[in-house]
Amino acid sequence: VLDGLVALAIRSMRETGGATPAQLRVATGLTRKYLIPFLEWMDEQGWSVRGGDVRKPGPRALKA
């Protein structure tokens, strides 16, 4: 399940050149309560990089 959510989030970030939490909420179907901790985890793991309110694919996502 986690791999699928990561893939959905990265795909959304790539399609839009960066995605806001609102866009990622729609893409993943997660509520904000669960989305924000998930996005923070993605940042920590290198899957995404936060720049202001927008997240872009991180170094780990670029390798995959």
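Not measured: the values here are computed from a predicted model.
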Taking atom [atom1] of [X] and atom [atom2] of [Y], what is their separation to the nearest 0.5 Å?
X: Leu2; Y: Gln45; atom1: CG; atom2: CD; value: 9.0 Å
X: Thr31; Y: Phe38; atom1: OG1; atom2: CZ; value: 12.5 Å
X: Met13; Y: Trp47; atom1: CE; atom2: CH2; value: 10.5 Å
X: Leu30; Y: Ile36; atom1: CG; atom2: CD1; value: 10.0 Å
X: Thr20; Y: Arg25; atom1: OG1; atom2: CZ; value: 8.5 Å

(request) Of all the heavy-atom pairs spanning Val49 and Gly58, show the shortest one and how long it is. (result) CG2-CA, 3.6 Å
(message) Less than 4.5 Å apart, side chain to side chain, heavy atoms only: is that true for Leu8 and Arg11?
(response) yes
(message) Do Leu39 and Tyr34 make a side-chain contact, defined as non-hydrogen atoms from C-beta onward lying under 4.5 Å apart?
(response) no
(message) By the salt bridge (charged side-chain N to carboxylate O under 4.0 Å, His left out) test, which pairs, at least two apart or in different chains, include something from residues 49-64?
(response) Asp43-Arg55
(message) Please check if the number of heavy atoms outside Arg14 that lie under 6.0 Å from its CZ is greater than 12.
(response) yes
(request) Output yes when a side-chain donor or acceptor of Thr16 lies under 3.5 Å from a complementary backbone atom of Ser12, and no otherwise. (result) yes
(message) Here's a test for you: under side chain to side chain contact (heavy atoms under 4.5 Å, CB included), which of Val26, Val54, Leu35 qualifies with Pro21?
(response) Leu35
(message) Are Leu62 and Ile10 linked, directly or through intermediate hydrophobic residues, by side-chain heavy-atom contacts shorter than 4.5 Å (ILVMFWY only)?
(response) no
